[in-house]
Chemist: 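Submitted below is the structure of interest, expressed as structure tokens.
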Number of protein chains: 2
Amino acid sequence: MAHLHETACPGCESPDLAFARHDHAHCASDALTRAEALAAARGVRLTPVRRRVLEILLEEHRALGAYDVLNRLAAEGFGNQPPVAYRALDFLEEQGFAHRVRRLNAFAACMHPGEAHSPAFLICRACDKLSEAPAAPIRAALEAAGAEIGFTVEGSSVEALGLCPDCRGAGK
Amino acid sequence: MAHLHETACPGCESPDLAFARHDHAHCASDALTRAEALAAARGVRLTPVRRRVLEILLEEHRALGAYDVLNRLAAEGFGNQPPVAYRALDFLEEQGFAHRVRRLNAFAACMHPGEAHSPAFLICRACDKLSEAPAAPIRAALEAAGAEIGFTVEGSSVEALGLCPDCRGAGK
DNA sequence: AGATACACTGTAATAGTATAACATTGCAAG
DNA sequence: CTTGCAATGTTATACTATTACAGTGTATCT
Ligand SMILES: [Zn+2]
Ligand SMILES: [Zn+2]
Ligand SMILES: [Zn+2]
Ligand SMILES: [Zn+2]
């Protein structure tokens, strides 16, 4: 799954490094590169607005509201009406380049686009950072729970609120 | 945990019967009775608005938006401004008598109030009914995922979208 | 009972999130 | 070229949620 580097790639290892010190410039540009490759392979267009929105989301391990994104777009000369942001965000979500975080009414860049995953988010209530956790076991448990009553799980949103290691250390 | 009946109590067995044929009048009145007892035991007041909102939520295994609830309240002579509904819903959620379903921006009655549980919801995309699934294994998996990177899970929302047995049978 | 305190409800105003509908632009296939 | 389609821009509107303040009832303490 991971791409190849000459040197170790802190952005590409599991588990997610959102809460750890890491080379985030690499982490972000790596995700962007992978999204570009995937878009090309799928024959969909990562247009300027869409690409810029993804870059904005990638700047931090944090979820941004549609209107936060929109304000930044507007300041950079793109349209300044809600659909501009929502359309780009919807596109990114469809392509698996970003996820919607329902608990926050916000959106976050996907940190490992291309790998099939139904994301599980760990959201720090103190610093607002968030991490995409390995969700396979969770998804399995959810499907098992569904199966017991004949329910077929097609999609899921799993979001935990809590304290990240840093904020826990700081005694929040 | 379950209360006692002379006869079998379809509303009080696990797993949740939302998608199965069951005596829902019983199922609902049972949940209401338990909420009343819990409120009394805790010294909190299940006032007329609050109680009515819970009854409304209990009418079906379905989530209702705050404004759906509000419209019904207004039609029955209660206040007709948003806070009337939101305050009652917040109260019910705090007391564990109802849950917020983030995926739907809506609220659903808890079908087994009093039992400690972080709920997992199974939401049918065809008929909109929803079921509270046993969430302990899911919660455990989520906490394990968090622990791996030092994240402490305090609360979680787990919501699956899919097809219930009936709608699956009907070929939706 | 009267005074006090506080929880609950009512209401108005506003903030925040999201979509529908239609006009315009820009590229791609025929 | 022109026809079609995808993407963007723009207006208006719908839906969700909170803040702030006023009034009312209920419990408690003299
Ligand atoms: Zn990073
Ligand atoms: Zn944190
Ligand atoms: Zn029932
Ligand atoms: Zn169904």
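In what follows, every chain begins at residue 1, and chains take the letters A, B, ... in the order their sequences are listed.
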Chemist: Under the side chain to side chain donor-acceptor pair (under 3.5 Å) criterion, do A/His24 and A/Glu60 qualify, and how do the steps go?
Modeler: CA-CA 8 Å; A/His24 184 61; A/Glu60 291 181 78; over 6 Å; no

Chemist: Rounding to an integer number of Å, can you tell me how far B/Leu89 CG sits from C/dT9 P?
Modeler: 12 Å

Chemist: Passes side-chain contact (heavy atoms from CB on, under 4.5 Å), A/Val69 versus A/Leu73? Steps please.
Modeler: CA-CA 6 Å; A/Val69 171; A/Leu73 289 178; 4.1 Å; yes

Chemist: Counting heavy atoms from C-beta on, name the nucleotide in D/dT10, D/dT16, C/dC8 closest to the side chain of A/Gln81.
Modeler: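 My answer, after comparing the listed nucleotides, is D/dT10.
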
Chemist: Rounded to the nearest Å, what distance is computed from the CG atom of residue A/Leu46 to the P atom of nucleotide D/dA6?
Modeler: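 So the two atoms are 18 Å apart, to the nearest Å.
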
Chemist: For DNA chain D, whose closest nucleotide is more 5', that of B/Pro83 or that of B/Arg45?
Modeler: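 Per heavy-atom nearest nucleotide, the more 5' residue is B/Pro83.
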
Chemist: Under the 3.5 Å rule, do the base of C/dG10 and the side chain of B/Arg87 count as making a donor-acceptor pair?
Modeler: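 Present.
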
Chemist: Rounded to whole Å, please give me the gap between CZ in B/Arg103 and P in D/dT16.
Modeler: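 Computing the B/Arg103:CZ to D/dT16:P distance gives 16 Å.
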
Chemist: Can you tell whether the side chains of A/Glu159 and B/Arg103 come within less than 4.0 Å, N to carboxylate O?
Modeler: no

Chemist: Assess whether side-chain contact (heavy atoms from CB on, under 4.5 Å) is satisfied between A/Cys164 and A/Lys129, documenting all intermediate values.
Modeler: CA-CA 8 Å; A/Cys164 78; A/Lys129 281 190 194 160; 5.9 Å; no

Chemist: Of the non-hydrogen atoms in B/Val44 and B/Phe91, which two are nearest, and what is the gap between them?
Modeler: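 In this case the closest contact between B/Val44 and B/Phe91 is CG2-CZ, 4.0 Å.
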
Chemist: Is B/Arg72 salt-bridged to B/Glu55, cutoff N-O under 4.0 Å?
Modeler: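 Salt bridge between B/Arg72 and B/Glu55, a charged N being under 4.0 Å from a carboxylate O: no.
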
Chemist: Which listed nucleotide (C/dA18, D/dT8, D/dA17) is nearest to the side chain of A/Arg50?
Modeler: D/dT8

Chemist: Within residues 56-78 of chain A, find the residues that approach DNA chain C with a heavy atom at under 4.0 Å, and present them sorted by residue number.
Modeler: A/Tyr67

Chemist: Is A/Arg100 touching bases, backbone alone, or none of the nucleic acid, heavy atoms closer than 4.0 Å?
Modeler: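 Answer is sugar-phosphate: A/Arg100 comes under 4.0 Å of backbone atoms only.
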
Chemist: Atom CG of B/Asp90 to atom C1' of D/dT19: distance rounded to whole Å?
Modeler: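 Distance check: B/Asp90 CG to D/dT19 C1' gives 13 Å.
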
Chemist: Of all the choices, C/dG10, D/dA7, C/dT19, which nucleotide is nearest to the side chain of B/Val84 once you look at every atom?
Modeler: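 Taking heavy atoms from C-beta onward, the closest nucleotide is C/dG10.
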
Chemist: For B/Asn80 and for B/Val44, find the nucleotide of DNA chain C with the closest heavy atom, then tell me which residue's nucleotide is more 5'.
Modeler: B/Val44

Chemist: In whole Å, I'd like the distance from the CD atom of A/Glu93 to the P atom of C/dT19.
Modeler: 10 Å

Chemist: For the pair made of CZ in B/Arg102 and C1' in C/dG16, what is the distance, rounded to whole Å?
Modeler: 15 Å

Chemist: Would you mind reading off the distance between A/Leu92 atom CG and D/dA7 atom C1', rounded to a whole angstrom?
Modeler: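 My rounded result for the distance is 14 Å.
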
Chemist: With respect to the side chain of B/Thr47, which nucleotide from D/dT18, C/dT17, C/dC8 is positioned closest?
Modeler: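 Looking only at heavy atoms from C-beta outward on B/Thr47, the closest nucleotide is C/dC8.
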
Chemist: Specify the separation, in whole Å, of atom OH of B/Tyr86 and atom P of D/dT18.
Modeler: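 About 7 Å, once rounded to whole Å.
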
Chemist: Can B/His99 and B/Phe121 be said to form a ring-ring contact (aromatic ring centres under 6.0 Å, His included), step by step?
Modeler: CA-CA 10 Å; B/His99 299 294; B/Phe121 287 108; 5.6 Å; yes

